[in-house]
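Numbers restart at 1 for each chain; the letters A, B, ... are given by sequence-line order, proteins then strands.
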Amino acid sequence: MDEELHEMVRAVVRRIPRGRVATYGDVADIARAPSPRLVGMVLNQDGLDLPWHRVLRANGTCAPHIADEQLQRLREEGVVADDGKVDLRKYRWEDAVKQKAEEPPALW
DNA sequence: CTGATGACTGAAA
DNA sequence: CTTTCAGCCATCA
């Protein structure tokens, strides 16, 4: 098992500010996950206690099975979804870009 | 070992 | 706008 990876991903997701969102790709890069798929995998297993609703796909949509609750929760934080799609240009977690650029601590 | 399967993504048609 | 397709990589049968 990749305990390391799981903890890193969880740490990153916990870091996404209220009213902001990040893509699976963003989380993967920051957490140094080998692939965005793994991020989804982690959330699927240990994501229940995390703000997983702030993680969307690269195009601003969310995975079908959870879309309903996800959009609802986001709206409670002030994130507006147009036709199930969130405007990343507006709500994307800015630090995600920085974190990727620089070299964050190996452990949080 | 081989093959199928995802809370994915970017490019191409 | 849509669908397809090829990469992706830990997991599981």
Side-chain angles (χ1 to χ4, degrees):
Chain A
M1 278 238 203
D2 290 320
E3 293 292 333
E4 191 73 45
L5 176 57
H6 277 232
E7 292 312 313
M8 282 302 290
V9 171
R10 289 166 55 77
V12 172
V13 174
R14 264 193 304 264
R15 227 158 220 235
I16 305 175
R18 220 189 162 213
R20 280 295 159 96
V21 300
T23 70
Y24 290 92
D26 287 340
V27 177
D29 290 338
I30 300 171
R32 285 162 179 51
S35 155
R37 277 189 179 281
L38 283 266
V39 174
M41 199 186 282
V42 170
L43 290 186
N44 191 31
Q45 296 169 27
D46 322 298
L48 296 182
D49 56 325
L50 298 169
W52 54 268
H53 54 276
R54 300 185 186 144
V55 182
L56 336 179
R57 298 202 229 176
N59 58 359
T61 65
C62 34
H65 46 281
I66 55 172
D68 262 32
E69 184 175 358
Q70 178 146 38
L71 293 176
Q72 184 184 325
R73 288 198 184 190
L74 284 176
R75 195 170 51 230
E76 288 176 23
E77 299 187 350
V79 178
V80 181
D82 165 48
D83 190 38
K85 287 167 263 174
V86 171
D87 187 343
L88 292 179
R89 296 176 307 181
K90 184 175 181 183
Y91 298 105
R92 187 178 196 187
W93 180 31
E94 302 296 345
D95 285 359
V97 185
K98 299 179 185 177
Q99 294 288 345
K100 285 194 287 188
E102 52 189 77
E103 187 159 332
L107 202 55
W108 275 323

Heavy-atom distance under 4.5 Å between the side chains of A:L5 and A:P34, does that happen here? yes
For DNA chain B, which residues of residues 59-89 of chain A approach it to below 4.0 angstrom with any heavy atom? A:A63, A:H65, A:I66
Between the main-chain N or O of A:R18 and the side-chain N or O of A:R20, is there a donor-acceptor pair closer than 3.5 Å? no
Ignoring hydrogens and geometry, is there a side-chain-to-backbone donor-acceptor pair from A:D87 to A:R89 under 3.5 Å? yes
Might you point out which heavy atoms bring [X] and [Y] nearest each other, and give the distance in Å?
X: A:A81; Y: A:V86; value: CB-CG2, 4.1 Å
X: A:A31; Y: A:V12; value: CB-CG2, 3.7 Å
X: A:A58; Y: A:L88; value: O-CD1, 3.1 Å
X: A:A96; Y: A:I30; value: CA-CD1, 3.7 Å
X: A:C62; Y: A:A67; value: SG-CA, 3.6 Å
X: A:R57; Y: A:P64; value: NH2-CD, 3.2 Å

Rounded to the Å, how far apart are A:Y24 OH and B:dG10 P? 14 Å
Could you check how far CG of A:D29 sits from C1' of B:dG10, rounded to whole Å? 13 Å
Just to be sure I understand the geometry, which residues of residues 38-48 of chain A put a non-hydrogen atom under 4.0 Å away from DNA chain C? A:L38, A:M41
Is the shortest side-chain N to carboxylate O distance from A:D26 to A:R92 below 4.0 Å? yes
Between A:K98 and A:E94, does at least one N-O distance fall below 4.0 Å, as a salt bridge requires? no
Apply side-chain contact (heavy atoms from CB on, under 4.5 Å) to A:R10 and list each qualifying residue two or more places apart in sequence or on a separate chain. A:E7, A:R14, A:V42, A:D46, A:D49, A:L50
Pairwise N/O distances under 3.5 Å, protein to nucleotides 11-13 of chain B:
none

Test side chain to side chain contact (heavy atoms under 4.5 Å, CB included) on A:L56 and A:Y91 and set out the steps. CA-CA 11 Å; A:L56 336 179; A:Y91 298 105; over 6 Å; no
A:H53 and side chain to side chain donor-acceptor pair (under 3.5 Å): which partner among A:E77, A:Q72, A:Q70? A:E77
Nucleotide interval of DNA chain C bounded by contacts with chain A (heavy-atom cut-off, under 4.0 Å): C:dG7 to C:dT11
Kindly compute the distance separating CD1 (A:I66) from CZ (A:R73), expressed to the nearest 0.5 Å. 10.0 Å
Determine the Euclidean distance between corresponding C1' atoms of B:dA7 and C:dT2; express it in Å to zero decimal places. 22 Å
Dot-bracket assigned to DNA chain B with the 3.5 Å Watson-Crick/G-U criterion, [ ] for crossing and | for other-strand pairs, is .|||||.||||||
